[in-house]
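Okay, structure first, notes after.
Side-chain atoms are counted along with the backbone in the values below, which use heavy atoms only and exclude waters and symmetry mates. Throughout, a chain's letter reflects where its sequence line sits, starting with A, and its residues are numbered from 1.
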Number of protein chains: 2
Amino acid sequence: MRVELITVGNELTAGEVVDTNAAFMAAALSEIGLEVVFITTTGDSPLYIEEALRQAGERADAIVVSGGLGPTEDDITAKTAARAFGLPLVLQQGVLEDLKRVFAERRMEMPASNEKQALFPQGAEIIPNPQGTACGFVIRRRGKIFVFLPGVPRELISLVNEKVIPLLQLERKETFTVRSRTLKVFGYTESAIADLLKGIKPEDFSATLAYLPRFPENHVKITLRGKTPAEVEGNLGRLERIIRDRLRGRVTAADGETLEGIVGRLLRENGATLAVAESCTGGLVAHRLTQVPGSSDYFERSIVVYSNAAKIQMLGVPEALISSQGAVSGQVAESLAQRVRQVSGTTLGLGITGIAGPSGGSEEKPVGTVFIALASPKGTASKRYQLPGDRNQVQTLSAYIAIDWVRRYFFNLLPGLNQ
Amino acid sequence: MRVELITVGNELTAGEVVDTNAAFMAAALSEIGLEVVFITTTGDSPLYIEEALRQAGERADAIVVSGGLGPTEDDITAKTAARAFGLPLVLQQGVLEDLKRVFAERRMEMPASNEKQALFPQGAEIIPNPQGTACGFVIRRRGKIFVFLPGVPRELISLVNEKVIPLLQLERKETFTVRSRTLKVFGYTESAIADLLKGIKPEDFSATLAYLPRFPENHVKITLRGKTPAEVEGNLGRLERIIRDRLRGRVTAADGETLEGIVGRLLRENGATLAVAESCTGGLVAHRLTQVPGSSDYFERSIVVYSNAAKIQMLGVPEALISSQGAVSGQVAESLAQRVRQVSGTTLGLGITGIAGPSGGSEEKPVGTVFIALASPKGTASKRYQLPGDRNQVQTLSAYIAIDWVRRYFFNLLPGLNQ
């Protein structure tokens with residue numbers, strides 16, 4: 001069953017509001033295996049709304065419209081729908097009584113403007129809205145079903161979940177299961193991933209693959225369809241194993257998991273603690289780690305040693321080392337990692353130093369030059385990276401690489417320490 | 001000039017991503033007075049993309065398409081556009097050379113899949129993309145202009161601002177000036193702002209006001225139209241002064257400015273430096289401050305004293321103080337601020353301690369209890385806050401309040417130090 005969504009509102013075409021309603025409806029309908037073919041957004045204009053309805057009726061089997069059912073002058077969706085379908089607007093006494101009761105319960109006189117919310121195209125099936133004064137309604141035309149909903153997100157969400165999903169599941173012909181999993185990949189570009197996965201035939205697993213760049217990660221979304229949940233789960237298991245093998249330990253997390261969450265779990269499971277000495281990331285490593293509830297169990301401290309004085313004074317990095325090698329060097333990164341681990345008495349110490357830019361770059365150490373170091377019971381390793389992008393990207397990538405080093409340490413994937 | 005936006009991507013029709021690109025483009029184009037009549041979203045399907053292009057060509061004068069220019073097989077917008085316009089796809093040698101150079105600079109071999117990003121419909125005007133591998137392009141047909149852009153938000157935003165806006169301003173017929181300014185307010189709710197601005201008549205300035213919640217800020221967007229830039233600037237100046245007066249120093253920044261940028265400028269202009277000791281914000285204060293290029297001129301260090309041991313050992317906060325008052329107390333916040341200022345030898349010291357949750361709350365110090373302290377040449381002040389929301393919101397609000405204290409310090413708005 002092909003679905004088109006229509007969202008109505010001047011605030012949407014003016015870009016004052018991000019259209020979360022469309023995303024919510026698209027996700028909810030995709031979840032049950034319906035194909036959303038188009039999402040059309042237009043303003044509170046009779047002409048445009050009519051055009052959108054006409055066109056959607058030509059190319060979709062089910063059309064879900066949201067917005068424009070409010071009490072104010074500019075809410076014209078019901079009136080416009082009536083005209084688009086050549087139906088008269090009729091007063092639904094029952095709805096009017098309900099509206100009056102709602103206001104009575106609030107000890108309020110119902111404003112005259114709310115009466116229009118009891119007017120619907122003749123023959124429309126009313127969708128009661130327990131949370132608000134704007135009822136939805138359904139119109140059927142030439143085998144197509146048009147569902148109209150209020151635009152208030154809270155009301156829309158519960159009407160979609162409680163009314164629209166069951167309604168459309170009755171309408172649809174096919175019956176099959178849909179399942180999806182998102183693998184979060186770090187360390188390969190979207191195109192590198194595509195190359196690594198070349199030759200895999202998702203269709204053999206009744207699956208499709210989608211690539212979603214989510215800087216600094218790249219996500220691979222597997223969506224499978226099948227007759228039974230068992231069949232789908234089996235295919236997912238097999239396909240996911242193949243993909244994970246091809247991506248060589250670069251899948252950092254899946255679905256709702258985050259890298260920080262995984263690293264936190266690994267530290268806790270191993271009874272390990274972590275301290276950080278960060279320069280160019282300016283606190284971002286600590287910030288990401290401490291976004292995880294309960295991170296105080298394993299995250300001990302971070303020293304944001306932005307100045308050389310701080311590096312020397314707080315961590316006792318040898319001044320000679322900084323002057324001979326430069327603050328941005330593998331030796332200083334290793335010293336930061338070792339010293340912060342030592343003073344904090346933690347299992348692991350991370351050291352990050354680099355040039356985030358835009359200034360501060362040189363011939364042999366251009367902007368984007370970053371050194372990451374990890375001090376551990378197995379010794380200390382460091383590596384030089386040349387990172388692309390602006391200041392913000394360099395900081396984000398540096399922090400992500402540093403945190404991923406802890407994950408890779410526990411999975412024995414860290415060259416120099418584990419291999 | 002009527003504009004239609006087309007956003008392309010299965011992740012949009014599947015509801016995996018909220019379409020912020022459409023909202024951004026709609027806002028940017030509305031700001032210069034263009035009317036966005038439709039926003040059409042469809043998946044990475046040749047049929048649907050072609051249909052969207054055909055239809056948009058019939059009802060709009062300018063069509064801006066985003067998405068589907070990536071290197072992977074599911075990125076088919078360029079190929080589909082070529083077919084829709086009956087043009088052959090041709091390889092742009094110059095673009096290919098640029099792509100190869102980009103990868104070479106990253107010390108990487110260009111994946112084969114990136115080559116397709118050098119293929120464009122014959123005769124298309126290329127829009128170079130300094131930030132990524134997906135160039136945009138322009139096709140003109142029967143007096144209509146079609147602009148194709150990559151879907152990566154960061155890249156899209158700068159191409160729209162730097163290329164598309166100037167391009168469309170050349171194209172358009174109408175000659176009136178539109179000007180807008182966004183005032184970023186922190187410390188008042190949306191409805192509190194509305195109350196404070198009650199009675200102001202934007203229409204007297206040929207202006208409109210829009211309220212845009214942008215957690216943790218609330219933005220007031222002023223949009224003015226007029227015959228001449230001079231007229232518009234005059235009205236903007238008068239209206240903005242009135243609004244700023246009503247909001248009593250709670251406007252932290254305007255338009256492209258950020259609070260961190262303003263604070264950085266104030267520190268630099270006053271030849272002042274800053275050090276931070278943060279607990280519950282876990283590095284977020286340092287991260288926000290160091291996102292600003294050149295912040296090393298005034299930001300000296302941050303100590304993320306997540307553990308009590310760190311507070312005592314790194315900053316010499318008296319152990320007795322922590323045990324008597326608790327780590328989350330005004331006295332400890334002040335001690336953190338004073339000690340970090342002292343050891344760093346900076347002009348100012350910020351101290352933050354609190355309970356971000358979800359656990360760690362108590363009867364008299366529930367989750368959301370946060371103490372902020374600022375140590376300065378004028379002495380030390382601290383304040384207790386009870387912040388709403390989840391862990392992430394509490395951390396965000398705490399960091400924002402702390403940084404805003406520095407702004408208010410320099411504007412003599414800080415109770416306890418300035419009044």
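- For a residue to count as touching a neighbouring chain, one of its non-hydrogen atoms must lie under 4.5 Å from one of that chain's; by this rule Leu289(B) does not touch chain A.
- Both the backbone and the side chain of Pro293(A) have a heavy atom closer than 4.5 Å to some heavy atom of chain B.
- You'll find the side chain of Ile303(A) reaches within 4.5 Å of the side chain of Ile303(B), heavy atoms only.
- What you find for Asn392(A) and Gln291(B) is that their closest heavy atoms are ND2-NE2, 3.4 Å.
- For chain A, no part of Met25(B) is nearby; none of its heavy atoms comes within less than 4.5 Å.
- If you tally non-hydrogen atom pairs under 4.5 Å between each of Thr133(B), Thr7(B), Val3(B), Thr40(B) and chain A, the highest count goes to Thr40(B).
- Options Ser30(B), Pro71(B), Ala310(B), Ser45(B) differ in how many heavy-atom pairs under 4.5 Å they form with chain A, and the most are formed by Ala310(B).
- Contact annotation for Val17(B): both backbone and side-chain heavy atoms come within less than 4.5 Å of a heavy atom of chain A.
- Here the closest non-hydrogen pair linking Thr13(A) and Ala26(B) is O-CB, 3.4 Å.
- Rounded to the nearest 0.5 angstrom, Met314(A) CE and Met314(B) CE are separated by 5.0 Å.
- Sorted by first and then second residue, the pairs that involve residues 286-309 of chain A and meet salt bridge (Lys or Arg N to Asp or Glu O under 4.0 Å), not counting sequence neighbours, are Glu260(A)-Arg288(A), Arg268(A)-Asp297(A).
- Within 6.0 Å of the CD atom in Glu73(B), the count of heavy atoms belonging to other residues, nucleotides or ligands does not exceed 12.
- Heavy atoms closer than 4.5 Å to chain B are found in the backbone of Asp19(A), but not in its side chain.
- Of the atoms belonging to Asp390(B), not a single heavy atom falls under 4.5 Å from chain A.
- The choice from Ser302(A), Gly357(A), Ala286(A), Ser279(A) that makes the most heavy-atom pairs within less than 4.5 Å of chain B is Ser302(A).
- The choice from Glu190(A), Gln386(A), Glu31(A) that makes the most heavy-atom pairs within less than 4.5 Å of chain B is Glu190(A).
- Looking at Val292(B), the atoms closer than 4.5 Å to chain A (heavy atoms on both sides) all sit in the backbone: N, CA, C or O.
- At a threshold of 4.5 Å between non-hydrogen side-chain atoms, the residues Ser295(A) and Arg391(B) count as touching.
- Interface summary for chain A: among Ser344(B), Ser296(B), Gly43(B), the most heavy-atom pairs under 4.5 angstrom belong to Ser296(B).
- Atom CD of Glu203(A) sits in a crowded spot, with more than 12 heavy atoms from other residues, nucleotides or ligands closer than 6.0 Å.
- Inter-residue side-chain proximity for His287(B) and Thr281(A) is flagged as unmet; no heavy-atom pair is nearer than 4.5 Å.
- Among the candidates Gln55(B), Lys221(B), Gln131(B), Met108(B), the residue making the largest number of heavy-atom pairs closer than 4.5 Å to chain A is Gln55(B).
- Residue contact with chain B, scored on non-hydrogen atoms closer than 4.5 Å, is absent for Lys311(A).
- Using the six-membered ring where Trp is involved, Tyr306(B) and Phe299(A) have ring planes that are perpendicular, over 60° apart on the 30 and 60° scheme.
- By number of non-hydrogen pairs under 4.5 angstrom with chain B, the leading residue of Phe24(A), Tyr211(A), Phe215(A) is Tyr211(A).
- Note: Glu278(B) CD to Thr290(A) OG1 = 8.0 Å, rounded to the nearest 0.5 Å.
- For Val8(A), no part sits under 4.5 Å from any heavy atom of chain B, backbone or side chain.
- Each of Val305(B), Val37(B), Asn114(B) has some count of heavy-atom pairs under 4.5 Å with chain A, and the biggest count is that of Val37(B).
- When the candidates Glu11(B), Glu16(B), Glu4(B), Arg106(B) are compared by the number of heavy-atom contacts under 4.5 Å with chain A, Glu16(B) comes out ahead.
- Proximity to chain B (any heavy atom under 4.5 Å) is restricted, for Thr189(A), to the side chain, taken from C-beta onward.
- Rounded to the nearest 0.5 Å, atoms CZ (Arg2(B)) and OH (Tyr48(A)) are 4.0 Å apart.
- Distance CE/Met110(B) to OG/Ser191(A): 9.0 Å, rounded to 0.5 Å.
- Between Phe38(A) and Glu51(B), the closest side-chain pair of non-hydrogen atoms falls below 4.5 Å.
- When each of Thr182(A), Asn10(A), Leu284(A), Leu5(A) is scored by its heavy-atom pairs under 4.5 Å with chain B, the top score falls to Leu284(A).
- In this structure, chain B has heavy atoms under 4.5 Å from both the backbone and the side chain of Val343(A).
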